[in-house]
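These numbers were taken from a predicted model, which means no experiment stands behind them.
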Amino acid sequence: MTPEHDFVVGYRFSVAALVTVTDLGLFDQNGDGVLNGVEPAKLGLWDAEGKMLVSAEAPLKTKPDNGTFYVAIKPLELPAGTYVIAYAS
């Protein structure tokens, strides 16, 4: 994700033990099952120092699962620590 985006929204979270991340997700804020926008949603995961660990795009036709749009990624192990997951538009 680069400065050409209008905004970035996300969450900072911590894990207490090693976890494996297999998907990145974006909450369906309107609850309508539609990924809003005119281009794919850009998702990213960063470590506490701001290094991007993985990024993915959710195509516009992505369907939500229990209120969240998920995009599969290559499994990524996160050791205990603090991270940020975000969406850019």
- Can you tell me how far the CZ atom of F13 sits from the CD1 atom of I85, to the nearest 0.5 Å? 6.0 Å
- Same cluster (ILVMFWY, side-chain, under 4.5 Å), L18 and W46: no
- Message: Quick check for you: to the nearest 0.5 Å, what is the distance between T82 atom OG1 and D47 atom CG?
- Response: 10.0 Å
- Just how far is it from atom CG of L43 to atom CD1 of I73, taken to the nearest 0.5 Å? 10.0 Å
- Output for pair (F27 CZ, T68 OG1), nearest 0.5 Å, gives 6.5 Å
- Message: On a heavy-atom basis, which atom in E77 and which in T20 lie closest, and how many Å separate them?
- Response: CG-OG1, 3.7 Å
- Message: Using 0.5 Å steps for rounding, measure from the CZ atom of F69 to the CG atom of D23.
- Response: 14.5 Å
- Y83 and L45: CA distance, side-chain angles, deciding distance, side-chain contact (heavy atoms from CB on, under 4.5 Å) verdict: CA-CA 7 Å; Y83 301 90; L45 179 64; 4.1 Å; yes
- Message: Measuring only between side-chain heavy atoms, which start at C-beta, is Y87 closer than 4.5 Å to L24?
- Response: no
- Taking all heavy atoms of P79 and all of V15, pick out the closest pair and write down the distance. O-CG2, 3.4 Å
- Taking all atoms of both residues into account, what is the closest heavy-atom pair of A16 and A80, and its distance? O-CB, 3.4 Å
- Query: Can you tell me how far OG1 of T22 sits from CG of L76, rounded to the nearest 0.5 angstrom?
  - Reply: 10.0 Å
- Task: For the pair V21 and L78, evaluate side-chain contact (heavy atoms from CB on, under 4.5 Å) and give the outcome as yes or no after the intermediate values.
- Result: CA-CA 7 Å; V21 178; L78 299 180; 3.5 Å; yes
